[in-house]
**Student:** 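Have a look at this one.
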Amino acid sequence: MTIDMRTRTNSGVRTIDPRSFFEELPDLLRTTGPQAARAAARLGLGRLSLRVGDTMRTLVPEADTVTVVDDATSGELVVDIGEAAFSEWVQEVRTMLALLVSGDAQVSSGDSNAALAWDVVLRAMVDGRPMYEPGSISLTNLDGSPLDVDRSFTPDDDDAEMGRFLEQAGFLMLRGWIGADAVAAISADIDRGLTSARRDDPHRWWAKLENGQEACVRLKHFDRISEAGKRVAESDPLRRLCNLTGDSFAFPPSWVESLVKPTGVVEGPSEIRWHKDCWQGKHSYFCNGVTIGVLLAPSNEVTGGIRVMAGSHRTNFPAVDHNIDEVDLPVRALYGEAGDLTVHLSCAMHETVAPQRGERRLMYAGFSLVDPMSGTGVDNRYSIKHADWSNAVSSAWDVYA
């Protein structure tokens with residue numbers, strides 16, 4: 001089994017000339033055209049006109065393929081994009097969402113959310129990666145029986161069964177993996193970190209509350225101020241979880257951070273609707289990374305938590321889809337108690353649910369697949385800081401949903 005979906009490496013990124021790309025695309029579409037056309041039809045997309053420097057082309061979805069027209073004036077949707085940004089877009093270094101947020105692409109005519117949806121068609125055209133379709137994902141145990149997506153695991157459970165569940169569903173809910181003393185020590189370190197947090201520190205992220213006050217909601221590089229957090233992040237139980245599918249993950253983790261989820265957040269990087277962690281780009285370079293969450297307080301219907309769409313890492317979704325709640329994949333809320341762990345893959349669709357009362361606390365540790373060239377964790381750094389990323393996706397949901 002494997003959760004390694006990489007097809008590219010950072011060292012393979014090159015400069016792609018837009019004219020050459022459009023000249024070669026028809027040959028590629030002889031194979032990928034039907035899949036791309038199906039994705040465009042499911043998303044209700046019309047023509048996309050691209051102005052890349054002095055190169056102008058229009059992509060036209062048809063019944064069984066996508067054709068390339070030698071101009072950029074025949075579509076209702078027109079996107080202006082620089083040559084360097086275009087090169088990154090077609091190689092999945094950055095998605096259209098990342099380019100629009102950064103200003104390296106602009107929608108001069110039409111709906112920006114339609115431009116976001118064209119990411120799915122592009123990946124079908126270039127990589128042959130299919131868009132999600134109802135009934136296309138099955139969830140099964142090792143013996144072929146249906147997977148129980150509500151199952152949770154303890155440290156006594158079988159690694160092969162946990163690995164199969166992670167490979168199939170894209171997440172795990174783990175009960176009773178971290179002791180009470182470690183939980184208390186990590187929570188005390190969060191208190192200390194919040195007390196010393198400065199508003200101008202880029203590694204301390206803030207949210208605005210409905211009472212007008214600001215609250216620090218994220219402590220990045222938490223392992224630098226919490227010995228207890230560092231010990232847990234580098235502990236044998238977490239190493240065990242990284243080895244479940246037989247893939248090579250770098251250890252210790254690439255990053256460790258703690259989060260505080262207060263009630264009444266009205267602005268800032270706290271909660272975010274359905275998304276994949278790779279929606280900024282580089283899916284084909286680093287997915288799947290593994291994020292392990294250590295619950296430091298109860299997570300439930302009242303205090304909020306994380307919800308994951310089972311099997312969603314095995315297919316492609318547009319960055320914003322107003323029909324997402326109608327998808328036939330089952331959704332699991334990973335609610336638990338202090339000392340429980342959650343695991344989700346970077347390509348799994350997930351969202352966070354804001355607390356109605358109280359405060360939720362957790363620590364996250366992120367693990368990267370090993371780069372075969374360097375032997376270290378593959379670089380999966382994002383081009384957009386979390387606050388802008390969170391606000392961009394939230395804003396897109398507000399407009400599109």
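All heavy atoms count here, side chains included; hydrogens, waters and symmetry mates do not.
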**Student:** Could you check Asp247 against Arg6 for salt bridge (charged side-chain N to carboxylate O under 4.0 Å, His left out), going step by step and ending with a plain yes or no?
**Tutor:** CA-CA 12 Å; Asp247 296 301; Arg6 296 173 296 177; over 6 Å; no
**Student:** Quick one: side chain to side chain donor-acceptor pair (under 3.5 Å) partners of His283, sequence neighbours excluded?
**Tutor:**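 If we apply the side chain to side chain donor-acceptor pair (under 3.5 Å) test to His283, skipping adjacent residues, there are no hits.
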**Student:** Kindly indicate, with the supporting measurements, whether the criterion side-chain contact (heavy atoms from CB on, under 4.5 Å) is fulfilled by Met1 and Leu142.
**Tutor:** CA-CA 10 Å; Met1 67 183 75; Leu142 287 167; 4.2 Å; yes
**Student:** Does any pair with a residue in residues 81-110 pass ring pair (Phe, Tyr, Trp, His ring centres under 6.0 Å), and if so which ones, sequence neighbours excluded?
**Tutor:** Phe21-Phe86, Phe22-Phe86
**Student:** Please walk me through it: do Glu161 and Arg164 pass salt bridge (charged side-chain N to carboxylate O under 4.0 Å, His left out)?
**Tutor:** CA-CA 5 Å; Glu161 291 185 1; Arg164 174 65 175 187; over 6 Å; no
**Student:** Not counting sequence neighbours, list each pair that qualifies as a salt bridge (Lys or Arg N to Asp or Glu O under 4.0 Å) and has a residue in residues 222-233.
**Tutor:**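 The answer is Lys230-Glu234.
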**Student:** Can you tell which of Trp255, Phe367, Phe171 makes a side-chain contact (heavy atoms from CB on, under 4.5 Å) with Thr291?
**Tutor:**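 Of the listed options, the one satisfying the test is Trp255.
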**Student:** Taking only residues two or more places apart in sequence or in another chain, which ones pass side chain to side chain donor-acceptor pair (under 3.5 Å) with Asp200?
**Tutor:** Arg198
**Student:** Excluding sequence neighbours, so at least two apart, what forms ring-ring contact (aromatic ring centres under 6.0 Å, His included) with Tyr335?
**Tutor:**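 By the ring-ring contact (aromatic ring centres under 6.0 Å, His included) rule, Tyr335 matches no residue at all.
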**Student:** Hey, is CZ on Arg199 packed in by over 12 heavy atoms from elsewhere, all under 6.0 Å?
**Tutor:**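 Buried by this count: over 12 neighbours within 6.0 Å.
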**Student:** Under the side chain to side chain donor-acceptor pair (under 3.5 Å) test, which residues partner Ser108, sequence neighbours left out?
**Tutor:** Arg51, Asp80
**Student:** Please find the pair of heavy atoms, one from Met131 and one from Thr315, that lie closest to each other, and give the distance.
**Tutor:**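 Of all heavy-atom pairs spanning Met131 and Thr315, the closest is C-OG1, 3.6 Å.
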**Student:** Is a donor on one side and an acceptor on the other found under 3.5 Å between the side chain of Thr245 and the backbone of Thr2?
**Tutor:** no
**Student:** Apply side-chain contact (heavy atoms from CB on, under 4.5 Å) to residues Leu174 and Met162 and explain how you reach the verdict.
**Tutor:** CA-CA 10 Å; Leu174 307 168; Met162 286 191 286; 4.1 Å; yes
**Student:** Determine, stepwise, if the pair Val107 / Val78 fulfils side-chain contact (heavy atoms from CB on, under 4.5 Å).
**Tutor:** CA-CA 6 Å; Val107 177; Val78 181; over 6 Å; no
**Student:** Are Met125 and Val66 packed together at the side-chain level, in the sense that at least one heavy-atom pair is separated by less than 4.5 angstrom?
**Tutor:** yes
**Student:** Strictly below 4.0 Å, N to O, side chains only: are Glu76 and Arg47 in salt-bridge contact?
**Tutor:** no
**Student:** Working note: Arg307 + Glu351, criterion salt bridge (charged side-chain N to carboxylate O under 4.0 Å, His left out); need CA distance, chi angles, decisive distance, verdict.
**Tutor:** CA-CA 5 Å; Arg307 302 170 73 229; Glu351 69 173 353; 2.4 Å; yes
**Student:** Answer yes if the side chains of Asp371 and Thr376 hold a donor-acceptor pair under 3.5 Å, and no otherwise.
**Tutor:** no
**Student:** Could you measure the distance from the CG atom of Leu296 to the CZ atom of Arg360? Nearest 0.5 Å is fine.
**Tutor:**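 Taking CG in Leu296 and CZ in Arg360, the distance rounds to 11.0 Å.
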**Student:** Hey, is Asp201 close enough to Lys220 for a salt bridge, meaning N to O under 4.0 Å?
**Tutor:** no
**Student:** Give a yes-or-no answer on whether the side chains of Ser87 and Thr15 include a donor-acceptor pair shorter than 3.5 Å.
**Tutor:** no
**Student:** Side chain of Gln35, backbone of Gly128: donor and acceptor closer than 3.5 Å?
**Tutor:**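 It does hold such a pair.
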**Student:** Thinking salt bridges, do Arg129 and Glu92 make one under a 4.0 Å N-O criterion?
**Tutor:**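 Counted as a salt bridge, because a side-chain N and a carboxylate O are separated by less than 4.0 Å.
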**Student:** Quick one: CD1 on Ile186 to CG on Asp191, what's the gap to the nearest 0.5 Å?
**Tutor:** 12.5 Å
**Student:** Test your reading of the model: is there a side-chain donor-acceptor pair from Ser368 to the backbone of Gly377, 3.5 Å cut-off?
**Tutor:**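 Between the backbone of Gly377 and the side chain of Ser368 there is no qualifying donor-acceptor contact (under 3.5 Å).
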**Student:** What's the spacing between Gln280 CD and Ser102 OG if we round to 0.5 Å?
**Tutor:** 9.5 Å
**Student:** Please name all residues satisfying side chain to side chain donor-acceptor pair (under 3.5 Å) with Arg30, sequence neighbours left out, ordered by chain then number.
**Tutor:**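 Arg30 satisfies side chain to side chain donor-acceptor pair (under 3.5 Å) with Asp27 only.
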**Student:** Without swapping roles, check the side chain of Arg332 against the backbone of Val149 for a donor-acceptor pair under 3.5 Å.
**Tutor:**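 Yes, the answer is positive, given that a donor and an acceptor are paired below the 3.5 Å cut-off.
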**Student:** Please check: side-chain N/O of Arg240 versus main-chain N/O of Pro155, any donor-acceptor pairing under 3.5 Å?
**Tutor:** yes
**Student:** So, does Glu167 use its side chain to make a donor-acceptor pair with the main chain of Ile3 at under 3.5 Å?
**Tutor:** no
**Student:** Do Tyr132 and Phe317 pass the ring-ring contact (aromatic ring centres under 6.0 Å, His included) test, and can you show the C-alpha distance, the side-chain angles, and the key distance before you say yes or no?
**Tutor:** CA-CA 6 Å; Tyr132 163 79; Phe317 290 88; 5.1 Å; yes
**Student:** Please check if the side chain of Asn288 supplies one atom and the backbone of Cys347 the other of a donor-acceptor pair under 3.5 Å.
**Tutor:**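 A pair under 3.5 Å: yes.
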**Student:** Among pairs that include at least one residue of residues 131-147, which meet salt bridge (Lys or Arg N to Asp or Glu O under 4.0 Å), considering only residues two or more places apart or in two chains?
**Tutor:**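 Counting only pairs at least two positions apart or across chains, the salt bridge (Lys or Arg N to Asp or Glu O under 4.0 Å) contacts touching residues 131-147 are Arg38-Glu133.
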**Student:** Return the CG to CG distance between Leu345 and Asp277, rounded to the nearest 0.5 Å.
**Tutor:**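 The distance works out to 9.5 Å.
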**Student:** Would you list the pairs meeting side chain to side chain donor-acceptor pair (under 3.5 Å) in which at least one residue belongs to residues 173-189, sequence neighbours left out?
**Tutor:**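 Matches after skipping sequence neighbours: Ser152-Arg175, Arg175-Asp340, Ser187-Arg361, Asp189-Arg192, Asp189-Ser226.
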**Student:** May I have all residue pairs that pass salt bridge (Lys or Arg N to Asp or Glu O under 4.0 Å) and include part of residues 98-108, sequence neighbours excluded?
**Tutor:** Arg94-Asp104
**Student:** Okay, side chain of Asp119, backbone of Thr95: is any donor-acceptor separation there less than 3.5 Å?
**Tutor:**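 No, because the side chain of Asp119 does not come within donor-acceptor range (under 3.5 Å) of the backbone of Thr95.
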**Student:** Has the side chain of Ser312 got a donor or acceptor atom that lies under 3.5 Å from a matching backbone atom of Met349?
**Tutor:**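 Here the side-chain-to-backbone pair exists.
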**Student:** Are the side chain of Asn141 and the backbone of Gly144 linked by a donor-acceptor contact shorter than 3.5 Å?
**Tutor:**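 Absent.
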**Student:** Contact between Tyr364 and Ile292 at the side-chain level, heavy atoms closer than 4.5 Å - yes or no?
**Tutor:** no
**Student:** Mind checking the OG-CG spacing from Ser49 to Leu77? Nearest 0.5 Å is all I need.
**Tutor:** 7.5 Å
**Student:** Would you sort out whether Gln91 and Tyr285 count as a side-chain contact (heavy atoms from CB on, under 4.5 Å), showing the intermediate values?
**Tutor:** CA-CA 10 Å; Gln91 294 176 91; Tyr285 298 80; 3.7 Å; yes
**Student:** For residues 291-303, which residue pairs qualify under salt bridge (Lys or Arg N to Asp or Glu O under 4.0 Å), counting only residues two or more places apart or in two chains?
**Tutor:**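 Sorted pair list comes back empty.
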**Student:** Suppose the criterion is ring pair (Phe, Tyr, Trp, His ring centres under 6.0 Å): which pairs have a residue in residues 90-127, not counting sequence neighbours?
**Tutor:**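 Residue pairs with at least one partner in residues 90-127: there are none.
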**Student:** Decide yes or no for Pro134 and Arg42: does some side-chain heavy atom of the first lie under 4.5 Å from some side-chain heavy atom of the second?
**Tutor:** yes
